[in-house]
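For reference, the structure discussed in these notes is given below.
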Amino acid sequence: QPAAGVSPQLAELYEKAKPDAEVTIWAPGAPSVQWIPAEFAKRFPAVKVNWLGDQQASSRLIAEKRAGRHAVDVWTFSLGGTLEVQKRGLLEKFDWRQYGAQDRDIFWDGEAVANHNYVYAPIFAKSKLTKEQVPRAWEALLDPQWNDKLVSDSFLLPRLGGYLAIDWGFDRTEKWIKTLIEQRKLLVATSPVANFLKSGERQLAVAESVSGAFLMNRDGLNVGYQVMEMVPATQFVLGAVKQAPHPNAGRLLIAWLLSPEAKMLYEELAGQADIRANSKSPLAQEIKAAGSKVIYEDVETMNQRAEYYRKLVAIVRGQG
Amino acid sequence: MLTVRGLTKTYATADGSFQALKGIDFDVPQGGFYTLLGESGCGKSTTLRCVAGLEEPDGGSISIGGHVVADVERGAHVPTFERDIGLVFQSYAIWPHMDVFANVAYPLRVQRPRVAAADIKARVMDALRLVGMESYATRPATKLSGGQQQRVAFARALVRRPKLLLLDEPLSNLDAKLREQMRFELQELIARTGVTTLYVTHDQSEALAMSDTVAVMSAGRIVQSGAPREVYGRPVDRTVANFLGSANILRGKVVDAQGGLTEVALDGGASTVQVPSRAVLSRGAPVDVIFRPEDATTHLDPVDGAIECAVERIVFQGGMSECQLRLGPVLLRTVVHPVMGARPGDRAWVAIQPERCILFAA
Amino acid sequence: MLTVRGLTKTYATADGSFQALKGIDFDVPQGGFYTLLGESGCGKSTTLRCVAGLEEPDGGSISIGGHVVADVERGAHVPTFERDIGLVFQSYAIWPHMDVFANVAYPLRVQRPRVAAADIKARVMDALRLVGMESYATRPATKLSGGQQQRVAFARALVRRPKLLLLDEPLSNLDAKLREQMRFELQELIARTGVTTLYVTHDQSEALAMSDTVAVMSAGRIVQSGAPREVYGRPVDRTVANFLGSANILRGKVVDAQGGLTEVALDGGASTVQVPSRAVLSRGAPVDVIFRPEDATTHLDPVDGAIECAVERIVFQGGMSECQLRLGPVLLRTVVHPVMGARPGDRAWVAIQPERCILFAA
Amino acid sequence: MAVQADQAPVVDVARRKRRRGQLGLAGSIVVAGAAAAAIYLVMAPLLALLATAFRGPSDLLPFEPGAHWTFGNLIDVYVNTSLVSSVLPNTAIFVAGSVTVTFLTAFTLAWLVERTDLPWRTTLFTAILFPLLVPGVVMAFAWTLLFAPNAGWINVALRGVLGLGSPGPINIFSMPGLILCQGIASVPFVFLLLGAAMRTMNPALEEASSASGARPLTTFLRVTLPVLRPGVLAPLILATLVALEQFEMPLIIGFPARINVFSTRIYFELNPEDELPAYGKAAAVALLFLVAAVVLLAIYNNLIKRADRFVTVTGKGYRPTRYPLGRWRVPALLFVGFYLAVGAILPAVVLVWTSFSGGSNESLNLDAYRALFADRRFWPAVGNTFLVAGLSAGLITLVGALLAWQILRLRFPGRALLDVVSFMSIGIPSVIAGFAVMVLHLTIPIGLYGTVWILILAYSYRLAVSTRLSRASLMQIHAELEEASAASGGRWLDTVRRVVLPLLAPSLMASFVLLFIVGFREFTIPMVLQSEDNWVLSVIMWKLQADRQTAQAAAVGTLILLFVTPVIFVLRRQLLSRQGDS
Ligand SMILES: Nc1ncnc2c1ncn2[C@@H]1O[C@H](COP(=O)(O)OP(=O)(O)OP(=O)(O)O)[C@@H](O)[C@H]1O
Ligand SMILES: Nc1ncnc2c1ncn2[C@@H]1O[C@H](COP(=O)(O)OP(=O)(O)OP(=O)(O)O)[C@@H](O)[C@H]1O
Ligand SMILES: [Mg+2]
Ligand SMILES: [Mg+2]
């Protein structure tokens, strides 16, 4: 029996899902999904959740489909990261509105449905810096006082740049990144930036996220994030995979993840909130209060951003 | 027992091909001891390996005990493991990962139909007793001296009681002293088992001492074969003469020839000798007179009919001394008693026993 | 020239330590040819390596040409490269990455003060001529036969004209025939250069044929040294006697002893012999009478004072035959002319030359 | 790799090839099977790779509908990009530098251990091999902690001593830093090879030089080095290939310095972060690598041939004399100690400490291990790791040994080709091997993709390790030992089972253990081929690292060390026992 407080639609889905007994969800990393099995089990004990967190999930999904393996039921990824999967027609169309999705949440005719955001924000080591010392403007990081103090993830930095460039234009953004790297000696790392903050090697991670700070704190680091004057927000979506081994359980999982209850859990347990208009999330309130401008990832700007991104990657890698 | 006919073998080499055997024929009677003797590379091992089946000949046939084991024309080739042979290598080829017993037991253990374990035990111990190694059965093979390894190799080759025993320079890896001792042991052993033996060596004294029949090989052919004394005493050419012991060669011209005796005037005009000769040589023909060191006596005083030379060096060899004498460009070697008091530079007279000389047309 | 005094050397081994040299003393005069002879492991190479400076002795001193090169008490140790020596190994140790010329030129090239290139060239060619390899100068070292490598090794050792030449079993990797040939070549060469030589071998015939002085070693000590004939003819004990050539040993009892002559009744009661002896032995003492095969004659008819035995085997060896005779438990060996018509089982009489026998207390 | 004392020249052994007729049916099947396996394991991935380089567009799988033949990949990679202008020069500097460091260090270490009276040699021998066990990622992580410009322990200490200000004085994130790190990480492998070469050298060659009046340095330069040349150059070329292939160090240490090399370039093409892997481009880059590898291997093969000829037959005079170090003993020990500290001890300490503390100085606890043991991926991964490392090592060892046997002992057409094929495998970087196996099994889906079996297949391309080791010891095994078996009435299978395999056992064991270690810490291939069902420890470690679970990642690293350390003692025994045989 579903736990109390489960909506009748979900209860109905649950009944259908029971014979599936399990469901597999793929995500770009463990943090955004590893909380799900325990919470889901509290409500739908008859269906077990398996998950995989892998940045290369899209190429793997494509490869596995090609090899004739069908192991995945639910896809959750950024909108951009979903593109290749969607292009190959691996996602099933479905009308998610019946489970509370709004029109603006629906992409590609229901092949994907929005559920939370990945909110960019610099992270600082509280042992070295106070929130007041951290500027609220991205360009303020160009100040020489930040020499040898900055670090950034090689994956996130050009992405952040891609969003900023939509507002700033490419040249300004390019100059910003180049100055950071070449003059402020920002350390571009392929290993986790948390290690650098922890060891004291660096004090501030530039291209980071609110959820990143959340997870670092949970892992015992003492860090804070700063909501900047401009807040890039990646859009995470959910989708049902075609030829899924457990289609009903998949639908149940997606429907539940779209529910307000699950969204709250996302924020509480993974630090990932839905910050779009009308969100009741505390983070959304904080951003609103700060008066920051939010740059959302959406289908219209996606190609433009990808082009910026590609150019910036070359700079970050030293190939520019 | 063993019959080899028209055996030929060509190896492909980096630069073309090399004919190692150019037609080998021989027979070894039941219980015979047949030795292939020759210098390095003349094809002794190749012949033996063809008999063992380790090489496939290009031509000719081989039969062991009446069974044809190889016949190129008829395309017959019996693989080694089906030939009824025992084989001993120069390197002994004792398996280092087994003990003495296991080494000797191996031929019985791989035999089909299977031999009962008790039988194996009894026969291995018999074989070890034969070579005097019964107390070493549990010794690891790596802890054996050269001579002991050699004995184990014999035991292993004989334990199956093969029809034919093949030995490829079995003694040449041993020290001089041990070599001599093993030579007798080996001969004893073969006599006791009565096995037919094909023996390969490049050591003439081994060949002479052990064999019933010696076959001298050269460049892929058997040049001469016969009983040791015959081959030693009546070599068919200079090469054989020189290979079997040292030979002194004197140049000369035929003066007269009659009744199987040829009179030769040695160059330098010193003297003439009357030498038995098979071939009839015309007067005035240049010839080589060959005699062995032991067929001449060396005197420090003039002797009738002896050749006068100068002592070049006396090499003390324990039991006897070798006397090297200079005669113009030629260095003669004779055997003298070690007490002979000659010194380098002394005059000496070498008296040849003409009836033991050999004559070849030069 | 070379003086070695009280040389000791202990190796640390896996199970403790092993004293390889237990006090070695000897002198080699200028131009002398001194041979260390002994069975494997007796310490020959260790001695030579100490002289070369490749091992550091634990005790004793070594001087070469009047210069002390090692003196443990005074803590002196001249490294190998500063000793004025030439060294030839059993394994030749020809450098495979150089051609013949470069191998031989090396000792001159590393010499300080530098030797002029033209000089080097001339001296190397001289050295190569000495060993008959002048036409091989540009041949890569890997393309040489064993004998040729040996010659290059000599040329290399001699090109510096060292005071002392050290040779460690230089011939033992060669074929029997080649070994004999190289033995003479080597001797010739050394005689021509007049270099003082320390020679190590376990082959008695090499030692007897080549040396001025032979030192027989055993278990880290020199047991006997002297001229080859002396050591051969007057061994100090049975081991030496047996190591240098084969020796027949007859048991007997002293009957009488006077004037350096001892009368011995041989066991079996057949006969008595009068043997010269250095030691004075009491009447009735058991003794061994030792004589060499060549010091007895074998007759097929009874001979006065000869020992009667049974022919066991005649081993044909070309120049001579070895006759093996059974006398009770003892197997005697004598040398007979190959034409002697004895057959196994025949009676034979061995006449010993008593004055050449040696007596040891049993 | 000791040379047996009997004087059988190597040529002679090699010349004696057994006829196939002696094999019998069973033998022929086994031998042909081994050859087929070798071709499949090595050639199949290579062909897949070749095809991929000429199929486009790049983001499609080579034989996915829509893909076609094209030169586009080659043009993209070689004409329009920074490959020529920055990647190649960087790679050249990186490889040249790190190989030099590796080589000088390994040569010195090998010489000290094999040829001098350095104390505690056996123990040091084992210790020097230790870095072989530490995954590259762990090394890089540890060195970052030690040498990072601001907070690196060593830098902090140095600043304290020298009174300098932050950052510095050492910056690991630089070309010299990268070179040093990679250089040190590759030492054990080269050390093993050089040690073997030095062990087989006849010391009489050096003694002859000494007796010719040459001083030790002259002897070293003019005799030791040239005589060792084939044995030295061969590992040098292998070290070059390894440096070309490694990408953990360039990724973790080189990236922040924005140094792009060949291997990272391939990695990025396959892991582009925002789009699908550019298979075609990756293959196109890999082609250049293959060409370089083939050229180097051709040289290597030549040298090896000469090395075989160079093998100095050691007579009775052979004895392993060792240079007395005398007053150089302490500096020598310091050198070894420094290498061990940087290459083995400090990384291990950092690793273990991180696993207990999570990298902060607060308190040591077992949380990471608890979390790890509770992770549902962990235990299957342990099983998979042992299974994949063990089976692939076994497969390679067996196939490689049979292959080496037939190449040495049989005469048959295509023998040379088989030799080259088996040897080529050294030239295939594991990124490429994994990728090629993936392409192959995506193109011909036979149900292996995503299972552990595909990992076993993919790991098993490293045939050369086994063929080389078996070959070296087969050359020591006189062919007569096998012929004696035939002459005793033994059939081929008897001979192989009772004579050849037991005699090869030490080198088979050494090969198995080496491959087991390589397989255990293998990271690239399982990354490329990972799926739900075939996780191995190294992948888990990487994932935990990527998910910021540093302590847990370190715990995995610690466990890997724990699992493989006993193995290194086996390896040492095998290697040293073969030395003792002579
Ligand atoms: N497998 C082979 N390939 C090419 N040539 C070979 C091969 N085996 C032997 N030969 C050549 O054939 C000739 C005869 O070789 P074989 O081994 O029979 O000589 P041998 O008389 O036994 O000499 P040795 O006394 O040195 O053992 C030699 O010239 C040798 O080089
Ligand atoms: N480096 C070493 N360590 C330990 N023992 C050694 C060493 N070198 C030699 N020995 C031992 O010292 C003894 C004498 O050795 P040496 O090489 O001098 O003998 P040898 O008379 O030259 O023998 P061979 O005729 O076999 O060459 C032998 O028992 C040998 O085992
Ligand atoms: Mg031969
Ligand atoms: Mg010696």
Side-chain angles (χ1 to χ4, degrees), chain C residues 11-12 14 40-41 45-46 48-49 51-56 77 79-98 102-112 140-143 146 149 153 156-157 159-160 162 164-166 168-170 172-174 200 202, chain D residues 3 5-11 117 119 122 200-233 303 305-324 326 576 579-580:
Chain C
Y11 287 113
S40 188
S45 297
T46 306
L48 181 129
R49 293 170 62 82
V51 172
L54 296 170
E55 302 282 353
E56 214 168 323
H77 183 81
T80 304
F81 60 85
E82 286 173 0
R83 300 191 184 189
D84 196 0
I85 54 169
L87 182 54
V88 176
F89 293 95
Q90 179 184 23
S91 62
Y92 323 130
I94 295 298
W95 297 304
H97 59 293
M98 303 182 185
N103 260 285
V104 178
Y106 186 89
L108 300 177
R109 289 204 173 129
V110 298
Q111 196 165 307
R112 298 290 174 274
T142 46
K143 297 250 162 80
Q149 287 190 44
R156 183 176 69 186
V159 73
R160 275 206 298 169
L164 180 64
L165 182 62
L166 304 171
D168 192 352
E169 309 203 16
S172 70
N173 262 354
L174 303 177
V200 160
H202 63 251
Chain D
V3 176
D6 76 29
Q7 303 134 4
V10 173
V11 251
D117 62 351
T122 342
T200 48
M201 180 179 169
N202 184 355
L205 293 174
E206 287 168 323
E207 293 174 355
S209 168
S210 199
S212 297
R215 311 183 150 270
L217 185 65
T218 316
T219 299
F220 181 75
L221 293 177
R222 298 182 67 160
V223 173
T224 313
L225 270 188
V227 167
L228 282 177
R229 190 177 57 207
V232 163
L233 285 184
L303 292 171
K305 261 188 218 135
R306 294 193 42 185
D308 291 349
R309 212 182 55 217
F310 260 45
V311 167
T312 42
V313 179
T314 53
K316 266 203 316 190
Y318 179 83
R319 57 180 92 197
T321 36
R322 295 182 174 275
Y323 284 100
L576 291 183
Q579 176 185 21

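Proteins come first, then strands; the chains are lettered A, B, ... in the order of their sequence lines, and each starts at number 1. Only this structure's heavy atoms are used, side chains among them; waters, hydrogens and symmetry mates stay out.
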| Given the rule in the side chain to side chain contact (heavy atoms under 4.5 Å, CB included) test, do D/Thr218 and C/Phe81 qualify, once you have shown the distances and angles that lead to the verdict? | CA-CA 10 Å; D/Thr218 316; C/Phe81 60 85; over 6 Å; no
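- Counting heavy atoms from C-beta on, the side chains of C/Pro96 and D/Leu205 come closer than 4.5 Å.
- Note that CD of D/Glu207 and CZ of C/Phe89 are 4.5 Å apart. Values are rounded to the nearest 0.5 Å.
- Of the atoms belonging to C/Arg156, it is side-chain heavy atoms, and not backbone ones, that fall under 4.5 Å from chain D.
- Of the possible polar contacts, none joining the C/Trp95 side chain to the D/Val227 backbone as a donor-acceptor pair under 3.5 Å is found.
- Considering every non-hydrogen atom in both C/Tyr106 and D/Val223, the closest pair reads OH-CG2, 3.6 Å.
- With respect to chain D, the highest number of heavy-atom pairs below 4.5 Å among C/Pro79, C/Ala52, C/Gly53, C/Pro107 belongs to C/Pro107.
- Distance OG/D/Ser210 to CD1/C/Ile85: 7.5 Å, rounded to 0.5 Å.
- No more than 12 heavy atoms of other residues, nucleotides or ligands sit less than 6.0 Å from atom CZ of D/Arg215.
- For C/Met98 against D/Arg222, the heavy-atom pair with the smallest separation is CE-O, 3.8 Å.
- In this structure, no portion of C/Gln111 lies under 4.5 Å from any heavy atom of chain D.
- Across all non-hydrogen atoms, the minimal contact from D/Ala211 to C/Arg160 is O-NH2, 2.7 Å.
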